[in-house]
Amino acid sequence: MPEHILSGIKAIVAMNMKMDGKTQREIGEYLKVDRSLVSHYLTGRHPSQRVLKVASDIIDMPIPYSLKIIHGFSDDKDLIKNIITYLYTITLKIDYEKCIQCGACLECKYGGIKKIDEYNIMVDSENCVLCCECIEICPINAIKIVNKKLEE
Amino acid sequence: MTEICAIKEVCNKTLQIIREGSKEKRELQWTDDKCVGCGICADICPVSAIEMGPLGAISKGLMDAPKLDIDNTKCVLCGMCASACPFNAMDLKIDGKSTKEIAQYPKVLRDINLEQSVCVLCKQCEIVCPQDAITVERTTPPRETLVLGEIQINKNTCVLCGICAEYCPADAIDLIKNDFNPLSISPYKDIVVDTDACVYCKVCEKACPHNAITVICYKCPLAKKIKDPELYKEIDGKTTIYKEKCVTCGWCENVCPVGAIKVSKPFEGELKVDSEKCNGCGGCIAVCPCNALAFPKPESAAQKVDKIAVNQNVCVLCGACTKACPVNALTVCRTSINMTETPSKAWQERFKTLLCKK
(Lines give C-alpha, C1' and ligand atoms only; values in the text may rest on other atoms or scores of the structure.)
Protein backbone atom coordinates (compact mmCIF):
# COMPACT_ATOMS: atom_id res chain seq x y z
CA MET A 1 0.00 0.00 0.00
CA PRO A 2 2.66 2.62 0.88
CA GLU A 3 4.44 1.67 -2.35
CA HIS A 4 1.28 2.41 -4.30
CA ILE A 5 0.90 5.84 -2.77
CA LEU A 6 4.59 6.52 -3.34
CA SER A 7 3.97 5.63 -7.00
CA GLY A 8 1.08 8.09 -6.99
CA ILE A 9 3.32 10.80 -5.63
CA LYS A 10 6.03 9.92 -8.16
CA ALA A 11 3.43 10.10 -10.92
CA ILE A 12 2.41 13.59 -9.81
CA VAL A 13 6.04 14.69 -9.71
CA ALA A 14 6.58 13.11 -13.13
CA MET A 15 3.67 15.07 -14.55
CA ASN A 16 5.01 18.29 -13.05
CA MET A 17 8.44 17.58 -14.51
CA LYS A 18 6.96 16.85 -17.90
CA MET A 19 5.22 20.23 -17.79
CA ASP A 20 8.56 21.78 -16.95
CA GLY A 21 9.89 20.28 -20.14
CA LYS A 22 11.92 17.46 -18.68
CA THR A 23 12.48 14.36 -20.79
CA GLN A 24 11.27 10.94 -19.75
CA ARG A 25 14.86 9.88 -19.23
CA GLU A 26 15.52 12.79 -16.90
CA ILE A 27 12.32 12.06 -15.03
CA GLY A 28 13.22 8.39 -14.74
CA GLU A 29 16.64 9.14 -13.36
CA TYR A 30 15.32 11.74 -10.96
CA LEU A 31 12.63 9.45 -9.59
CA LYS A 32 14.76 6.30 -9.81
CA VAL A 33 12.25 4.46 -12.00
CA ASP A 34 12.24 2.79 -15.43
CA ARG A 35 11.46 4.91 -18.45
CA SER A 36 8.57 2.59 -19.21
CA LEU A 37 7.12 3.32 -15.77
CA VAL A 38 7.54 7.04 -16.38
CA SER A 39 5.56 6.56 -19.54
CA HIS A 40 2.83 4.78 -17.55
CA TYR A 41 2.79 7.67 -15.09
CA LEU A 42 2.45 10.21 -17.86
CA THR A 43 -0.23 8.41 -19.81
CA GLY A 44 -2.26 7.77 -16.66
CA ARG A 45 -2.10 3.98 -17.00
CA HIS A 46 -0.55 3.62 -13.62
CA PRO A 47 -1.28 4.18 -10.81
CA SER A 48 -5.03 4.21 -10.44
CA GLN A 49 -7.05 7.37 -10.08
CA ARG A 50 -7.82 6.46 -6.48
CA VAL A 51 -4.16 6.25 -5.63
CA LEU A 52 -3.49 9.54 -7.38
CA LYS A 53 -6.26 11.14 -5.38
CA VAL A 54 -4.75 9.98 -2.07
CA ALA A 55 -1.26 11.02 -3.23
CA SER A 56 -2.52 14.43 -4.22
CA ASP A 57 -4.30 14.84 -0.88
CA ILE A 58 -1.10 14.01 0.95
CA ILE A 59 0.85 16.54 -1.12
CA ASP A 60 -1.74 19.21 -0.33
CA MET A 61 -1.60 18.65 3.42
CA PRO A 62 0.14 21.26 5.53
CA ILE A 63 3.82 20.89 4.72
CA PRO A 64 5.15 19.53 8.01
CA TYR A 65 2.55 16.72 7.88
CA SER A 66 2.99 15.89 4.22
CA LEU A 67 6.78 15.77 4.66
CA LYS A 68 6.46 13.36 7.51
CA ILE A 69 4.13 11.06 5.57
CA ILE A 70 6.22 11.17 2.39
CA HIS A 71 9.34 10.33 4.39
CA GLY A 72 7.50 7.33 5.76
CA PHE A 73 7.14 5.81 2.31
CA SER A 74 10.79 5.02 1.69
CA ASP A 75 14.18 4.75 3.31
CA ASP A 76 15.79 5.99 0.11
CA LYS A 77 16.32 9.51 1.43
CA ASP A 78 17.89 10.69 -1.85
CA LEU A 79 14.70 9.83 -3.68
CA ILE A 80 12.48 11.35 -1.02
CA LYS A 81 14.55 14.52 -1.07
CA ASN A 82 14.18 14.68 -4.87
CA ILE A 83 10.45 14.29 -4.60
CA ILE A 84 10.09 16.89 -1.86
CA THR A 85 12.30 19.46 -3.55
CA TYR A 86 10.24 19.14 -6.68
CA LEU A 87 6.92 19.40 -4.90
CA TYR A 88 7.77 22.21 -2.56
CA THR A 89 10.25 25.04 -2.87
CA ILE A 90 11.26 24.81 0.75
CA THR A 91 14.35 24.83 2.83
CA LEU A 92 15.05 24.70 6.53
CA LYS A 93 16.11 27.82 8.31
CA ILE A 94 17.52 28.35 11.75
CA ASP A 95 16.19 31.44 13.46
CA TYR A 96 19.44 32.61 14.97
CA GLU A 97 17.63 35.11 17.15
CA LYS A 98 15.90 32.22 18.87
CA CYS A 99 18.63 29.56 18.77
CA ILE A 100 20.14 28.87 22.19
CA GLN A 101 23.10 26.85 20.87
CA CYS A 102 22.09 23.67 22.68
CA GLY A 103 23.39 21.49 19.90
CA ALA A 104 20.48 19.05 19.94
CA CYS A 105 19.89 19.44 16.19
CA LEU A 106 23.49 18.49 15.41
CA GLU A 107 22.53 14.89 15.91
CA CYS A 108 20.75 14.86 12.51
CA LYS A 109 21.67 11.46 11.14
CA TYR A 110 21.93 12.86 7.63
CA GLY A 111 24.34 15.57 8.66
CA GLY A 112 21.81 18.21 7.71
CA ILE A 113 23.03 20.60 10.36
CA LYS A 114 26.69 21.29 10.78
CA LYS A 115 28.95 23.20 13.06
CA ILE A 116 30.75 26.13 11.49
CA ASP A 117 32.98 26.61 14.50
CA GLU A 118 32.75 25.79 18.17
CA TYR A 119 29.78 28.12 18.57
CA ASN A 120 27.90 28.55 15.28
CA ILE A 121 25.78 26.09 13.37
CA MET A 122 24.07 26.13 9.99
CA VAL A 123 21.76 24.05 7.83
CA ASP A 124 23.72 22.03 5.32
CA SER A 125 21.29 21.96 2.39
CA GLU A 126 23.43 19.40 0.57
CA ASN A 127 22.91 16.84 3.27
CA CYS A 128 19.51 17.90 4.56
CA VAL A 129 16.82 15.51 3.34
CA LEU A 130 14.02 17.71 4.67
CA CYS A 131 12.87 15.07 7.13
CA CYS A 132 12.25 17.96 9.53
CA GLU A 133 12.95 15.89 12.62
CA CYS A 134 15.21 18.68 13.87
CA ILE A 135 12.15 20.94 13.98
CA GLU A 136 10.59 18.61 16.49
CA ILE A 137 13.77 18.16 18.48
CA CYS A 138 14.62 21.85 18.81
CA PRO A 139 13.52 22.76 22.35
CA ILE A 140 12.70 26.32 21.50
CA ASN A 141 11.29 25.93 17.97
CA ALA A 142 14.08 27.85 16.32
CA ILE A 143 14.09 25.78 13.12
CA LYS A 144 11.47 26.54 10.54
CA ILE A 145 10.44 25.41 7.08
CA VAL A 146 10.67 28.44 4.83
CA ASN A 147 9.99 29.20 1.19
CA LYS A 148 13.29 28.83 -0.61
CA LYS A 149 12.43 31.51 -3.16
CA LEU A 150 11.59 34.05 -0.51
CA GLU A 151 14.85 33.33 1.23
CA GLU A 152 17.01 33.85 -1.87
CA MET B 1 17.31 11.63 13.80
CA THR B 2 16.92 10.02 17.13
CA GLU B 3 16.85 12.28 20.07
CA ILE B 4 19.71 11.40 22.36
CA CYS B 5 18.63 11.29 25.95
CA ALA B 6 20.99 12.98 28.31
CA ILE B 7 22.07 10.83 31.21
CA LYS B 8 22.37 12.00 34.77
CA GLU B 9 25.12 11.03 37.14
CA VAL B 10 24.91 11.97 40.78
CA CYS B 11 28.11 11.47 42.65
CA ASN B 12 28.67 12.69 46.18
CA LYS B 13 27.84 16.38 45.95
CA THR B 14 28.12 16.80 42.23
CA LEU B 15 25.60 16.28 39.51
CA GLN B 16 26.43 15.66 35.89
CA ILE B 17 24.24 15.70 32.85
CA ILE B 18 25.95 14.07 29.91
CA ARG B 19 24.87 13.92 26.29
CA GLU B 20 27.17 12.10 23.98
CA GLY B 21 26.16 12.37 20.37
CA SER B 22 27.90 11.63 17.12
CA LYS B 23 28.97 15.24 16.61
CA GLU B 24 29.78 16.42 20.08
CA LYS B 25 29.83 15.47 23.70
CA ARG B 26 28.35 17.84 26.22
CA GLU B 27 28.78 17.56 29.95
CA LEU B 28 27.11 19.85 32.40
CA GLN B 29 28.49 19.66 35.89
CA TRP B 30 27.09 21.20 39.03
CA THR B 31 29.01 21.31 42.29
CA ASP B 32 27.05 21.68 45.51
CA ASP B 33 30.02 23.06 47.46
CA LYS B 34 30.30 26.10 45.23
CA CYS B 35 26.54 26.60 44.88
CA VAL B 36 25.03 29.22 47.15
CA GLY B 37 21.47 28.34 46.18
CA CYS B 38 20.78 31.60 44.39
CA GLY B 39 18.65 29.90 41.75
CA ILE B 40 19.83 32.14 38.92
CA CYS B 41 20.35 28.94 36.91
CA ALA B 42 16.75 27.88 37.49
CA ASP B 43 15.52 31.34 36.52
CA ILE B 44 17.47 31.51 33.28
CA CYS B 45 17.01 27.90 32.13
CA PRO B 46 15.04 28.14 28.87
CA VAL B 47 13.45 24.71 29.39
CA SER B 48 12.78 24.91 33.15
CA ALA B 49 14.93 21.87 33.83
CA ILE B 50 16.31 23.08 37.16
CA GLU B 51 14.40 22.88 40.38
CA MET B 52 15.64 24.35 43.63
CA GLY B 53 15.67 22.22 46.79
CA PRO B 54 14.33 23.23 50.19
CA LEU B 55 17.00 25.91 50.67
CA GLY B 56 15.87 27.17 54.06
CA ALA B 57 16.00 23.74 55.65
CA ILE B 58 19.26 22.82 53.93
CA SER B 59 21.08 25.98 54.96
CA LYS B 60 19.80 25.75 58.51
CA GLY B 61 21.29 22.27 58.62
CA LEU B 62 17.92 20.63 59.22
CA MET B 63 18.18 18.60 56.08
CA ASP B 64 20.92 17.05 54.01
CA ALA B 65 19.90 17.45 50.41
CA PRO B 66 21.35 18.92 47.24
CA LYS B 67 20.49 22.58 46.74
CA LEU B 68 19.06 21.87 43.31
CA ASP B 69 18.18 19.16 40.90
CA ILE B 70 18.47 19.08 37.12
CA ASP B 71 15.94 17.06 35.16
CA ASN B 72 17.94 15.26 32.50
CA THR B 73 14.81 14.62 30.42
CA LYS B 74 14.27 18.36 30.13
CA CYS B 75 17.85 19.68 30.09
CA VAL B 76 19.07 20.46 26.58
CA LEU B 77 22.63 21.25 27.70
CA CYS B 78 22.64 24.72 26.22
CA GLY B 79 24.83 25.92 29.09
CA MET B 80 22.94 29.07 29.92
CA CYS B 81 22.96 28.09 33.58
CA ALA B 82 26.73 27.68 33.48
CA SER B 83 27.20 31.10 31.94
CA ALA B 84 24.81 32.80 34.33
CA CYS B 85 26.05 31.19 37.54
CA PRO B 86 28.06 33.91 39.30
CA PHE B 87 29.69 31.39 41.63
CA ASN B 88 31.18 28.89 39.17
CA ALA B 89 29.01 26.11 40.50
CA MET B 90 27.95 25.11 37.00
CA ASP B 91 30.16 24.29 34.09
CA LEU B 92 29.34 23.12 30.60
CA LYS B 93 31.99 21.35 28.63
CA ILE B 94 31.59 20.82 24.91
CA ASP B 95 33.99 18.14 23.74
CA GLY B 96 35.97 18.70 26.89
CA LYS B 97 36.25 22.45 26.51
CA SER B 98 34.53 24.63 29.05
CA THR B 99 32.20 27.24 27.63
CA LYS B 100 33.99 29.65 29.95
CA GLU B 101 36.84 29.46 27.46
CA ILE B 102 34.65 30.12 24.44
CA ALA B 103 34.35 33.83 23.71
CA GLN B 104 30.76 33.80 22.47
CA TYR B 105 29.48 32.39 25.73
CA PRO B 106 28.83 35.26 28.11
CA LYS B 107 30.33 35.30 31.57
CA VAL B 108 28.99 37.04 34.63
CA LEU B 109 31.83 39.16 35.89
CA ARG B 110 32.79 39.85 39.44
CA ASP B 111 36.15 40.32 41.01
CA ILE B 112 38.05 41.26 44.10
CA ASN B 113 41.43 42.91 44.16
CA LEU B 114 43.74 43.87 46.92
CA GLU B 115 46.35 46.58 46.89
CA GLN B 116 48.81 45.04 49.31
CA SER B 117 50.95 48.16 49.60
CA VAL B 118 47.90 50.14 50.74
CA CYS B 119 46.71 47.47 53.18
CA VAL B 120 47.47 48.28 56.82
CA LEU B 121 47.18 44.65 57.94
CA CYS B 122 44.39 45.50 60.38
CA LYS B 123 42.76 42.09 59.92
CA GLN B 124 39.24 43.50 60.01
CA CYS B 125 38.42 42.02 56.59
CA GLU B 126 39.53 38.61 57.80
CA ILE B 127 37.14 38.84 60.73
CA VAL B 128 34.09 39.96 58.78
CA CYS B 129 34.43 37.85 55.62
CA PRO B 130 31.38 35.56 55.61
CA GLN B 131 33.14 32.97 53.47
CA ASP B 132 36.50 32.89 55.28
CA ALA B 133 38.05 33.91 52.02
CA ILE B 134 40.65 36.27 53.50
CA THR B 135 43.58 35.60 55.75
CA VAL B 136 45.95 38.23 57.08
CA GLU B 137 49.30 37.13 58.34
CA ARG B 138 51.03 39.74 60.46
CA THR B 139 54.34 39.63 62.28
CA THR B 140 55.25 42.34 64.75
CA PRO B 141 58.69 43.02 66.25
CA PRO B 142 59.27 41.71 69.78
CA ARG B 143 57.87 43.93 72.52
CA GLU B 144 61.24 44.46 74.14
CA THR B 145 62.37 46.46 71.12
CA LEU B 146 59.82 49.11 72.11
CA VAL B 147 59.51 48.79 75.86
CA LEU B 148 62.78 49.25 77.70
CA GLY B 149 63.26 49.35 81.42
CA GLU B 150 64.08 47.54 84.60
CA ILE B 151 61.99 46.44 87.54
CA GLN B 152 63.11 45.00 90.81
CA ILE B 153 61.18 43.84 93.85
CA ASN B 154 63.12 43.86 97.04
CA LYS B 155 62.15 40.51 98.53
CA ASN B 156 63.40 41.63 101.98
CA THR B 157 60.98 44.48 102.27
CA CYS B 158 58.11 43.03 100.22
CA VAL B 159 55.36 41.65 102.45
CA LEU B 160 53.55 39.81 99.61
CA CYS B 161 50.44 41.91 100.14
CA GLY B 162 49.59 41.88 96.41
CA ILE B 163 48.55 45.55 96.26
CA CYS B 164 50.98 46.14 93.37
CA ALA B 165 49.41 43.24 91.44
CA GLU B 166 45.96 44.71 91.96
CA TYR B 167 47.06 48.01 90.47
CA CYS B 168 49.23 46.69 87.64
CA PRO B 169 47.46 47.71 84.38
CA ALA B 170 49.38 45.07 82.45
CA ASP B 171 48.70 42.18 84.82
CA ALA B 172 52.42 41.64 84.90
CA ILE B 173 52.77 40.87 88.61
CA ASP B 174 51.89 37.46 89.99
CA LEU B 175 51.90 36.15 93.51
CA ILE B 176 52.89 32.52 93.61
CA LYS B 177 50.53 30.56 95.84
CA ASN B 178 51.84 28.34 98.54
CA ASP B 179 50.14 25.06 99.40
CA PHE B 180 50.12 26.14 103.04
CA ASN B 181 50.10 23.61 105.86
CA PRO B 182 51.26 23.46 109.44
CA LEU B 183 54.81 23.08 108.26
CA SER B 184 54.67 25.93 105.73
CA ILE B 185 52.19 28.47 106.91
CA SER B 186 52.40 31.33 104.35
CA PRO B 187 49.65 31.62 101.70
CA TYR B 188 52.18 32.89 99.15
CA LYS B 189 55.69 31.78 98.57
CA ASP B 190 56.90 34.36 96.05
CA ILE B 191 56.15 37.36 93.86
CA VAL B 192 57.24 37.50 90.20
CA VAL B 193 57.15 40.06 87.45
CA ASP B 194 56.43 38.99 83.91
CA THR B 195 58.84 41.20 82.00
CA ASP B 196 57.14 40.25 78.75
CA ALA B 197 54.03 42.04 80.02
CA CYS B 198 55.51 44.85 82.16
CA VAL B 199 55.67 48.23 80.51
CA TYR B 200 57.67 49.91 83.31
CA CYS B 201 54.86 52.34 84.02
CA LYS B 202 55.85 52.67 87.69
CA VAL B 203 52.31 52.26 89.02
CA CYS B 204 53.47 49.39 91.25
CA GLU B 205 56.35 51.48 92.56
CA LYS B 206 53.91 54.21 93.51
CA ALA B 207 51.35 51.80 94.93
CA CYS B 208 53.66 49.72 97.12
CA PRO B 209 53.16 50.82 100.75
CA HIS B 210 56.51 49.29 101.65
CA ASN B 211 58.68 50.86 98.95
CA ALA B 212 59.77 47.41 97.93
CA ILE B 213 59.64 48.04 94.16
CA THR B 214 62.09 49.98 92.04
CA VAL B 215 61.28 50.68 88.41
CA ILE B 216 63.47 52.40 85.88
CA CYS B 217 61.96 53.30 82.55
CA TYR B 218 64.27 54.00 79.60
CA LYS B 219 61.52 54.77 77.14
CA CYS B 220 61.53 58.54 77.56
CA PRO B 221 65.25 59.19 77.76
CA LEU B 222 65.93 56.77 74.90
CA ALA B 223 62.86 57.66 72.84
CA LYS B 224 64.90 58.84 69.89
CA LYS B 225 66.93 55.67 69.84
CA ILE B 226 63.91 53.38 69.85
CA LYS B 227 62.89 52.94 66.26
CA ASP B 228 59.20 53.26 65.47
CA PRO B 229 58.11 50.06 63.79
CA GLU B 230 56.98 50.65 60.22
CA LEU B 231 54.48 48.75 58.14
CA TYR B 232 56.09 46.27 55.77
CA LYS B 233 59.43 46.75 57.55
CA GLU B 234 59.43 45.90 61.24
CA ILE B 235 55.72 45.07 61.08
CA ASP B 236 55.41 42.71 58.20
CA GLY B 237 52.56 40.74 56.78
CA LYS B 238 50.53 39.61 53.87
CA THR B 239 46.84 39.55 53.06
CA THR B 240 45.65 36.61 51.03
CA ILE B 241 42.31 36.52 49.28
CA TYR B 242 41.06 33.12 48.16
CA LYS B 243 39.14 34.12 45.06
CA GLU B 244 37.48 30.74 44.63
CA LYS B 245 35.86 31.15 48.06
CA CYS B 246 35.01 34.85 47.72
CA VAL B 247 31.42 35.74 46.85
CA THR B 248 32.25 39.44 46.27
CA CYS B 249 29.77 40.59 48.89
CA GLY B 250 31.83 43.67 49.67
CA TRP B 251 32.05 43.32 53.47
CA CYS B 252 35.84 43.64 53.29
CA GLU B 253 35.71 46.63 50.99
CA ASN B 254 33.25 48.33 53.31
CA VAL B 255 35.22 47.75 56.50
CA CYS B 256 38.67 48.40 55.08
CA PRO B 257 39.83 51.66 56.67
CA VAL B 258 42.21 52.51 53.83
CA GLY B 259 40.40 51.34 50.71
CA ALA B 260 42.89 48.59 49.94
CA ILE B 261 40.26 46.20 48.59
CA LYS B 262 38.21 46.78 45.49
CA VAL B 263 35.26 44.52 44.84
CA SER B 264 33.31 44.50 41.63
CA LYS B 265 29.93 42.91 42.02
CA PRO B 266 28.02 40.87 39.45
CA PHE B 267 24.80 42.85 39.68
CA GLU B 268 23.56 46.30 40.42
CA GLY B 269 20.20 46.90 41.99
CA GLU B 270 18.44 46.48 45.25
CA LEU B 271 17.10 43.76 47.49
CA LYS B 272 13.58 44.73 48.45
CA VAL B 273 12.33 43.62 51.82
CA ASP B 274 8.67 43.50 52.77
CA SER B 275 8.97 43.40 56.52
CA GLU B 276 5.21 43.03 56.95
CA LYS B 277 5.16 39.72 55.11
CA CYS B 278 8.16 38.28 56.99
CA ASN B 279 7.30 35.46 59.36
CA GLY B 280 10.71 35.46 60.99
CA CYS B 281 11.73 31.94 59.94
CA GLY B 282 15.32 33.00 59.33
CA GLY B 283 15.68 30.96 56.15
CA CYS B 284 17.04 33.98 54.30
CA ILE B 285 19.63 34.67 56.99
CA ALA B 286 20.78 31.06 56.90
CA VAL B 287 21.05 30.83 53.13
CA CYS B 288 22.61 34.26 52.47
CA PRO B 289 26.22 33.72 51.39
CA CYS B 290 27.02 37.34 52.23
CA ASN B 291 25.65 37.56 55.75
CA ALA B 292 23.72 40.58 54.51
CA LEU B 293 20.49 39.96 56.38
CA ALA B 294 19.66 40.21 60.06
CA PHE B 295 16.79 40.40 62.48
CA PRO B 296 17.09 43.92 63.92
CA LYS B 297 17.26 43.97 67.70
CA PRO B 298 15.25 46.59 69.56
CA GLU B 299 17.43 48.95 71.58
CA SER B 300 14.84 49.36 74.28
CA ALA B 301 12.02 47.12 75.44
CA ALA B 302 9.18 49.03 73.79
CA GLN B 303 10.94 49.92 70.54
CA LYS B 304 9.33 48.56 67.39
CA VAL B 305 11.77 47.33 64.77
CA ASP B 306 11.46 45.80 61.31
CA LYS B 307 11.15 42.03 61.29
CA ILE B 308 14.00 41.63 58.82
CA ALA B 309 16.59 44.03 57.47
CA VAL B 310 19.25 43.97 54.80
CA ASN B 311 22.49 45.83 54.37
CA GLN B 312 22.49 46.60 50.65
CA ASN B 313 26.22 47.37 50.74
CA VAL B 314 27.14 43.78 51.50
CA CYS B 315 24.40 42.14 49.42
CA VAL B 316 25.49 40.55 46.16
CA LEU B 317 21.92 40.44 44.76
CA CYS B 318 22.16 36.74 44.06
CA GLY B 319 18.61 36.19 45.21
CA ALA B 320 19.23 33.07 47.32
CA CYS B 321 17.15 34.63 50.11
CA THR B 322 14.21 35.12 47.76
CA LYS B 323 14.32 31.43 46.88
CA ALA B 324 14.51 30.39 50.53
CA CYS B 325 11.73 32.71 51.74
CA PRO B 326 8.48 30.78 52.10
CA VAL B 327 6.30 33.90 52.14
CA ASN B 328 7.89 35.96 49.33
CA ALA B 329 8.92 38.74 51.66
CA LEU B 330 12.06 39.39 49.64
CA THR B 331 12.45 40.38 46.02
CA VAL B 332 15.68 41.02 44.24
CA CYS B 333 15.56 43.87 41.81
CA ARG B 334 18.60 43.86 39.56
CA THR B 335 19.06 46.83 37.27
CA SER B 336 22.14 45.61 35.44
CA ILE B 337 24.38 42.60 35.05
CA ASN B 338 28.12 42.90 34.89
CA MET B 339 28.80 40.46 32.09
CA THR B 340 30.60 39.88 28.82
CA GLU B 341 28.71 40.20 25.57
CA THR B 342 27.19 37.39 23.59
CA PRO B 343 26.22 37.52 19.93
CA SER B 344 23.15 35.39 20.60
CA LYS B 345 19.91 37.34 20.74
CA ALA B 346 18.18 34.45 22.48
CA TRP B 347 20.79 34.43 25.22
CA GLN B 348 20.64 38.20 25.59
CA GLU B 349 16.89 37.94 26.04
CA ARG B 350 17.19 35.18 28.62
CA PHE B 351 19.75 37.18 30.60
CA LYS B 352 17.36 40.13 30.57
CA THR B 353 14.85 38.02 32.46
CA LEU B 354 17.21 38.19 35.44
CA LEU B 355 16.64 41.94 35.63
CA CYS B 356 13.68 43.40 37.47
CA LYS B 357 10.61 44.10 35.47
CA LYS B 358 9.80 47.72 35.19
Side-chain angles (χ1 to χ4, degrees), chain A residues 64 67-72 74-78 80-81 84 91-145, chain B residues 1-6 17-28 44-50 70-84 92-107 340-353:
Chain A
L67 294 186
K68 203 162 189 176
I69 294 170
I70 295 169
H71 266 282
S74 171
D75 291 332
D76 184 345
K77 295 301 165 189
D78 258 2
I80 296 294
K81 187 181 178 183
I84 290 171
T91 185
L92 290 190
K93 193 190 173 193
I94 300 170
D95 183 343
Y96 291 104
E97 297 212 341
K98 277 176 135 191
C99 174
I100 56 168
Q101 284 83 24
C102 72
C105 56
L106 289 172
E107 286 313 312
C108 172
K109 60 185 170 216
Y110 308 107
I113 295 179
K114 66 178 181 188
K115 269 186 147 178
I116 305 170
D117 53 39
E118 59 188 1
Y119 185 73
N120 296 296
I121 57 164
M122 64 177 281
V123 176
D124 186 343
S125 303
E126 288 287 303
N127 290 339
C128 173
V129 298
L130 296 162
C131 68
C132 298
E133 282 189 34
C134 52
I135 294 178
E136 285 169 40
I137 278 172
C138 178
I140 38 104
N141 300 320
I143 308 177
K144 289 183 292 196
I145 299 171
Chain B
M1 176 146 75
T2 41
E3 194 165 5
I4 299 167
C5 193
I17 306 285
I18 303 162
R19 185 181 74 201
E20 188 159 15
S22 55
K23 305 282 164 55
E24 59 176 23
K25 181 183 183 184
R26 291 193 177 213
E27 299 157 274
L28 179 69
I44 205 165
C45 178
V47 293
S48 305
I50 304 177
I70 308 173
D71 184 340
N72 59 312
T73 63
K74 286 184 183 169
C75 176
V76 293
L77 289 110
C78 64
M80 239 179 249
C81 51
S83 281
L92 176 74
K93 284 196 177 80
I94 302 174
D95 293 331
K97 186 175 183 181
S98 169
T99 55
K100 292 181 175 66
E101 295 161 32
I102 301 173
Q104 290 94 334
Y105 284 85
K107 285 126 210 117
T340 60
E341 281 181 11
T342 172
S344 165
K345 191 87 190 297
W347 278 55
Q348 290 166 17
E349 290 303 316
R350 287 306 302 169
F351 270 83
K352 273 187 202 156
T353 63

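Chain identifiers are assigned alphabetically (A, B, ...) following the order of the sequence lines, protein sequences preceding nucleic acid strands; residue numbering begins at 1 within each chain.
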Part of [X] lying under 4.5 Å from any heavy atom of chain A:
X: Lys74(B); value: neither
X: Thr99(B); value: neither
X: Val76(B); value: both
X: Arg26(B); value: side chain

How about [atom1] on [X], more than 12 heavy atoms from neighbouring residues, nucleotides or ligands closer than 6.0 Å, or not?
X: Lys100(B); atom1: NZ; value: yes
X: Lys115(A); atom1: NZ; value: yes
X: Glu101(B); atom1: CD; value: yes
X: Lys97(B); atom1: NZ; value: yes
X: Asp75(A); atom1: CG; value: no
X: Lys77(A); atom1: NZ; value: yes
X: Lys93(B); atom1: NZ; value: no
X: Glu349(B); atom1: CD; value: yes

* **Which atoms of Lys114(A) approach chain B - backbone, side chain, both or neither, heavy atom under 4.5 Å** =>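 No part of Lys114(A) comes within 4.5 Å of chain B.
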* To do: Name the region of Asn120(A), side chain, backbone, both or neither, that has any atom closer than 4.5 Å to a heavy atom of chain B.
  => side chain
[X] [atom1] to [Y] [atom2] distance, which is reported to the nearest 0.5 Å:
X: Asp117(A); Y: Gln104(B); atom1: CG; atom2: CD; answer: 6.0 Å
X: Gln101(A); Y: Ile94(B); atom1: CD; atom2: CD1; answer: 9.0 Å
X: Arg19(B); Y: Leu106(A); atom1: CZ; atom2: CG; answer: 8.0 Å

For the student: nearest non-hydrogen atoms of [X] and [Y], plus distance:
X: Glu107(A); Y: Lys23(B); value: OE2-N, 3.3 Å
X: Ser344(B); Y: Cys99(A); value: OG-O, 3.5 Å
X: Ile100(A); Y: Trp347(B); value: O-NE1, 2.9 Å

